[in-house]
Amino acid sequence: MQPFVPQRLLIEAAVAEAPVTRRIRAAFPKVPAETLSSVQDWKEPGPITPAKRILAVAEHRGEALKPFPKIKHAINLGDYVFNPVSNCHLECSYCILQSYLQNNPVLTVFANTGRFLDAIRALAAAHPGRGLRLGTGELSDSLALDGVTGFSGEWIPFFAGQPDLFLELKTKSDRIDQPLKLDGRGHTVLSWSLAPEEIARREELKCASTARRLDCARRAQEAGYPVGLHLDPLICHEGWEKNYDELLEAIAASLDPRRVAWVSVGSLRYDKALKEIATGRFPQTKIFAEDFIPAPDGKLRYFKTLRREMYRRVWRRLGEWSEAVPRYLCMEPPWMWEEVTERAAPAPETVEARLLARLRELAAA
Ligand code: SF4
């Protein structure tokens with residue numbers, strides 16, 4: 001993964017002495033830093049590329065924790081999300097944050113981390129005994145900045161002490177030095193989004209190579225972590241069949257399925273704003289070369305027949321690798337589940353229960 005050095009630090013006065021702020025300042029002693037009463041003025045539309053080279057450290061004031069956003073007509077899961085980082089210094093051409101955060105693109109780390117932990121404790125107290133899955137991957141990569149923020153050192157020990165809570169840290173990075181020194185006691189899943197090497201090289205700029213991600217996943221398993229895999233977004237390209245077959249062979253050669261928490265499978269989807277932004281920022285991208293149609297959620301997706309073909313192939317190969325590893329389709333409607341799995345579509349609660357049962361099984365092993 002390409003290392004990150006910001007061109008400028010913006011520090012909000014309220015969090016100037018927070019441990020995270022101190023760690024960030026220590027990591028970048030030569031980067032000019034400015035202390036402001038509020039970084040709010042920087043939270044406005046602006047060119048994305050320079051905004052991602054500024055690192056703001058701010059106080060989080062919004063909603064600290066929420067259910068992962070649901071979309072209409074799809075099988076949605078029951079996980080929750082908190083966002084200690086907003087935006088990402090990596091550069092995937094298809095990254096939805098380019099449109100989602102276009103009014104607020106400055107890379108921002110929130111230093112008042114106790115606020116997130118308080119909200120998580122309150123959520124657990126409101127649902128005693130109920131297993132809950134949480135993640136930090138909605139507005140950023142969960143680990144790409146971990147070497148700078150040290151956040152995993154706060155989350156992993158916290159979740160290790162929560163009998164009913166499970167955290168997923170999802171990444172395309174190789175920043176696992178700190179997690180490997182910690183004992184997650186089965187309550188943190190380290191997950192990697194994976195793509196064929198050709199796609200990773202061409203469309204997932206600055207990220208760790210696929211081979212490197214798989215090597216990190218293998219090391220995470222050896223260190224005792226359950227590992228999650230996300231084959232999302234599947235991207236159609238010349239030779240996709242062979243390339244995804246090879247990716248699945250590489251997964252099988254690297255990982256022990258008995259320590260895999262789940263595999264998700266999704267396909268490229270985007271809104272109209274994203275296409276305009278992405279083609280401007282990444283003129284070499286080929287991801288928009290196929291035909292797309294608008295789906296009920298307003299996003300553009302591959303035609304149903306192509307999506308189904310890609311899912312079926314990958315789904316079948318995953319089943320050949322291990323039937324015991326739970327698989328799920330990301331943000332797809334019940335009819336697509338039925339066509340891919342050749343079974344009645346499960347209720348969302350059934351999928352969620354299966355994932356939680358798998359987590360409990362791995363934590364107890
Ligand atoms: S790693 Fe994730 S958050 Fe970062 S640019 Fe890629 S898709 Fe976006």
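A quick note: this is a predicted structure, and the numbers were derived from the prediction, not measured. Atoms within a ligand are numbered from 1 in the order they appear, just like the ligands themselves.
- Using a 4.0 Å cut-off between a side-chain N of Lys or Arg and a carboxylate O of Asp or Glu, Arg327 and Glu323 qualify as a salt bridge.
- Salt-bridge annotation for Arg313 and Glu309: absent, with no side-chain N of the basic residue lying under 4.0 Å from a carboxylate O of the acidic one.
- Between Phe159 and Phe82, the angle of the ring planes stays under 30°, which puts this pair in the parallel group of the 30/60° scheme.
- Not a single salt bridge (Lys or Arg N to Asp or Glu O under 4.0 Å) links Glu238 to another residue, sequence neighbours left out.
- Taking the six-membered ring for Trp and thresholds of 30 and 60 degrees, Tyr302 and Phe292 have nearly parallel ring planes, at less than 30 degrees apart.
- The side-chain tip of Arg133 points at the ring of Trp262 from less than 6.0 angstrom away and within 45° of straight on.
- By the criterion of a separation under 2.8 Å, the protein N/O/S atoms near atom 8 (Fe) of ligand 1 amount to Cys95 SG.
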